[in-house]
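From a predicted model like this one, the values you see are computed outputs, not experimental measurements. Each chain gets a letter, A, B and so on, in the order its sequence line appears, and its residues count up from 1.
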Amino acid sequence: MKDKLKNIFKGGLGQLTIPIIAILLLIIFNLIRDPSFFRITVELNNDGNKVLAGNLISIINAASELAILAMGMTLVTAASGGQDISVGAMAAIAGSAFVKVLKSGGSINGLLVIVAFLVAVLVAMLFGAFNGTLVSVFKIQPMIATLILFTCGRSIAYWINGGATPTVDSGIVKAIGGFIPGCPIPTPVIIVIAMAVIFTLVFHFTSLELFTQSVGINGSAARLNGINATWIKLLSFIILGACVAVAGTIGVSRLGLINHETLLLDVEMDTILAVAIGGNSLGGGKFKMAGSILGAYVIHILTVTLYAMKVPSTDVKAYKAIVIIILVVIGSPVIKKWFAKTVARIKNNKSKVPVKGAQ
Amino acid sequence: MENKKTFRREPLTDTQLLMIIAICIFVAMYLGAMLFLGGGFLRAQQVFDMLNDNAPLIIVSCGLTIVMIGGGIDISVGAVTSLVVMSCALFLNNGGNIYLSMLLALGIGLAFGLVQGYLISYLEIQPFIVTLAGMFFARGMTTILSVNPQKVNTEGTENLVELLTSKDPAQKISFIQFLRDMNFKTLLEGKIKIDWLGYTAPNGNRIPVRMEWGVVIALLCVIVIFLLLQYHKLGRGFYAIGGNQTSALMLGINVKRTRFLSYVICGLLSGIAGYVFLMHTGAGNATNAAGMEMNAIAASIIGGTLLSGGVGNVAGTLVGVLTLTTIKKIVVTSGLKDPWWQSITTGGMLCFFIILQSIVLSVRAKLRAKQKKG
């Protein structure tokens, strides 16, 4: 038992060390600054439901889209060794498709919402397949391939709804972006948990994780071992497409309207950041999805902390950058090596000191 | 001896081939626009307008090309440019000296280059994350400096270029006097007029071609970097570390230092680009140069630079910038006024270029493999 504990402290956490330390530091910092920062209260919302409220709940709730996108991005990063920078634009397309279908029928009922969601997923998966084909078949670096959709994606979203920003007024859509009546937990959080469970089950019952890692570490070696590297890369982009559709749907449901210009704006950079903070190599290979999810929460705790300190929303980026740099410098291989060396030297000195004293 | 016999130098390297393709497509596109759209495309001013508007983009893209040849990426360039514009505008408005403002621009760019280069090459942190943080920092600093647009004050000062080139001996000033009295209005409104390229307006007035000083700086940057990449040891080092890092190390190239210098040069060029941007617009704004990093990446790609490193050329990048602008101009002049068309056509064009390059390179690789066998 003692050994086990020791192992955990000795780096058994592995790549999760950095995000967990970051979360702990931020929580401690907030508790010192304002002890009631993380207080959770039960409040009645406008619809008369008892719901949980407080900074912690709003952080977890607001990070939902980012966490979902980070799950998909982890797979893409691991398989292709590159990142998809078109997720924000793709989410705008998926959201536009979702609203377009909702608006096409007369009254919005449960069936129509499901159909609209499935259409959004299909559309996003198609665009994901487009990116994936460029990357896997044409062997183009992911960042370049997705630059195409990054450039024109929001224009396509604009074109789907004819330039308008239609609003959707429906209880079901509101429930997706807010609270299900009778349930105190925000729905986006439930969706994140559901997605995490789905990914865990998929990794448990299929060899997707193993195959993705082997393609990412060495594509040609994986191919020689009978893994279809092209298909795995393509699949990772299609899965990311599905994640993007879910995130886009949540984003649209939160506001009850689709604004192709501002829906999940600049989310691609935050997503890649979440993957990196989670300790995953951006060059592909081994990955831990839990790390990316934690990374997404780190980013949002940081943002909410800065807001709570009355930093204007336009200036938040500068402070965020400083924290990011500190995190990545601590996590950099050179610093880690130097740290290990120093620790070893101190330990050696310690073992020598008593010997000297005895003489 | 046998090795020497079988080794045959290819007539064109990948770099040259991709550049030639880019130039051919650009020329074809421009000729097509001249033939079918006419109008402004028939005048030389059109090309110079494109250069005037895009001088900062050209400079930034040159820096990015160097980084990309070295196998890295720098997405902070647009934000650094914006920060430089804003800080120089504030500096000049608060009574700063014009020469010191230039030094300030270079200093900011250099500082970003040094820090990012150090973190990337010596601490081995992924370039995307470092420059992403740099981008966030620069954008945040810009809004911290000022959220409101800052127009640089140019009241009451005369245009010294006209005095310098004036033929009237009473008005003419010496070059030293010019340097002493130089002010921002000189930079903002001073234009080089080329008479023989101009055209005669219907009312009989001769309208010369106007070129801004920024274009001269941009073209100088292109030439200097072209020479650096082609003939200097450091420039060849960029290709070496981008092509194969291990081989470069074995050849005795200081890989870390070379990579560090690529980011330093890129940062410096962002600083220069910021100043040129200010010379073009005359005002600092928090949304300046928004999305410039992606435009610069797109321009480099169209010009034949590969993100994987080792292949690329700044002359191609210049063509890339012109190609991007020409597409936008063509869309506007051909009457597609809806706002979505510009970015959709740009995206389509990018897609075309990227797939074309991929096909060309894979065909070449296959031919090479065949030659080796045969």
Side-chain angles (χ1 to χ4, degrees), chain A residues 82-83 85-86 89 130 133-134 137-145 147-159 163 260 266 269-270 272-273 275-277 281-283 311-329 331-338, chain B residues 68 73 75-76 79 115-116 119-120 122-130 132-145 147 286 291 294-295 297-298 300-301 305-309 338-355 357-359 361-362 365:
Chain A
Q83 288 76 37
I85 55 168
S86 68
F130 168 74
T133 314
L134 287 181
V137 179
F138 289 98
K139 308 258 183 314
I140 299 163
Q141 298 95 346
M143 222 189 113
I144 302 292
L147 183 64
I148 298 168
L149 268 184
F150 176 89
T151 319
C152 63
R154 287 190 191 268
S155 294
I156 295 172
Y158 183 99
W159 171 74
H260 52 88
D266 290 341
M269 300 302 172
D270 275 348
I272 298 166
L273 199 59
V275 174
I277 291 179
S281 160
L282 292 188
V311 175
S313 63
T314 45
D315 302 353
V316 162
K317 277 182 176 171
Y319 300 99
K320 219 158 124 186
I322 296 169
V323 178
I324 295 163
I325 286 294
I326 293 172
L327 279 182
V328 290
V329 166
S332 92
V334 176
I335 296 287
K336 266 186 191 160
K337 231 182 264 168
W338 176 83
Chain B
M68 277 165 75
I73 183 88
I75 56 170
S76 72
V115 173
Q116 293 181 352
L119 291 174
I120 292 165
Y122 289 102
L123 293 187
E124 293 168 24
I125 306 171
Q126 290 147 341
F128 193 91
I129 295 303
V130 172
L132 177 65
M135 175 176 134
F136 281 170
F137 187 71
R139 284 262 175 239
M141 281 309 284
T142 313
T143 55
I144 287 174
L145 282 178
V147 185
M294 291 305 161
N295 276 335
I297 293 175
S300 304
I301 294 165
T305 309
L306 295 186
L307 190 62
S308 49
D338 289 316
W340 62 71
W341 282 113
Q342 268 195 24
S343 57
I344 286 185
T345 38
T346 313
M349 203 66 201
L350 257 181
C351 184
F352 168 73
F353 266 99
I354 290 168
I355 293 180
Q357 283 176 4
S358 155
I359 291 173
L361 287 184
S362 69

Enumerate, atom names and distances included, each donor-acceptor pair closer than 3.5 Å involving a side-chain atom of residues 138-145 of chain A, sequence neighbours excluded.
unit_1: Lys139(A); atom_1: NZ; unit_2: Ser136(A); atom_2: O; d: 3.3
unit_1: Gln141(A); atom_1: NE2; unit_2: Ser308(B); atom_2: OG; d: 3.0

Exercise for the section: Heavy-atom distances under 4.5 Å only: say whether Leu307(B) touches chain A with side chain, backbone, both or neither. Expected result: both

Practice task
Sequence neighbours left out, what passes ring-ring contact (aromatic ring centres under 6.0 Å, His included) with Phe352(B)? Give chain and number order.
Solution key: none

Fill in the blank from the handout: If you tally heavy-atom pairs under 4.5 Å between each of Leu134(A), Leu149(A), Ile272(A) and chain B, the highest tally belongs to Ile272(A)

Practice task
Could you tell me which portion of Leu361(B) (side chain, backbone, both or neither) has an atom closer than 4.5 angstrom to a non-hydrogen atom of chain A?
Solution key: neither

Problem - Heavy-atom check, side chain of Trp338(A) versus side chain of Leu123(B), under 4.5 Å - result: no

Handout entry: Closest heavy-atom pair and its distance - Gly140(B), Asp315(A)
Key = O-OD1, 4.2 Å

Practice task
Specify which of Ser281(A), Pro312(A), Pro333(A) makes the most heavy-atom pairs with chain B at under 4.5 Å.
Solution key: Pro333(A)

Problem - Flag side-chain contact, heavy atom, 4.5 Å: Phe136(B) against Leu273(A) - result: yes

Handout entry: Separation between CG of Asn295(B) and OG1 of Thr151(A), rounded to the nearest 0.5 Å
Key = 8.0 Å

Handout entry: Beyond-backbone contact of Leu147(A) with Ile301(B), side-chain heavy atoms, under 4.5 angstrom
Key = yes

Problem - chain A interface, residue from Trp341(B), Tyr122(B), Phe137(B) that has the most non-hydrogen pairs under 4.5 Å - result: Phe137(B)

Exercise for the section: Measure the shortest side-chain to side-chain distance between Tyr158(A) and Ser343(B) over non-hydrogen atoms and say whether it is less than 4.5 angstrom. Expected result: no

Practice task
Please look at Val316(A) and chain B and tell me whether the side chain, the backbone, both or neither of the residue comes under 4.5 angstrom of a heavy atom of that chain.
Solution key: neither

Practice task
State the OG-CD1 distance between Ser155(A) and Ile344(B), to the nearest 0.5 angstrom.
Solution key: 5.5 Å

Exercise for the section: Measure distances from Ala286(B) to the heavy atoms of chain A and classify the residue's part below 4.5 Å as side chain, backbone, both or neither. Expected result: neither

Problem - Point-to-point distance, once rounded to the nearest 0.5 Å, from CG of Leu282(A) to CG of Leu132(B) - result: 10.0 Å

Exercise for the section: Might you confirm whether atom CH2 of Trp340(B) has over 12 heavy atoms from other residues, nucleotides or ligands at distances under 6.0 Å? Expected result: yes

Handout entry: Portion of Gln126(B) that has a non-hydrogen atom of chain A nearer than 4.5 angstrom
Key = side chain

Fill in the blank from the handout: Pair count under 4.5 Å, heavy atoms only, with chain B: among Ala318(A), Gly153(A), Gly82(A), highest is Ala318(A)

Handout entry: Side-chain touch Thr143(B)/Lys317(A), heavy atoms, less than 4.5 angstrom
Key = no

Exercise for the section: Taking all non-hydrogen atoms of both residues into account, name the closest pair between Ala133(B) and Ile324(A) and its distance. Expected result: CB-CG2, 4.1 Å

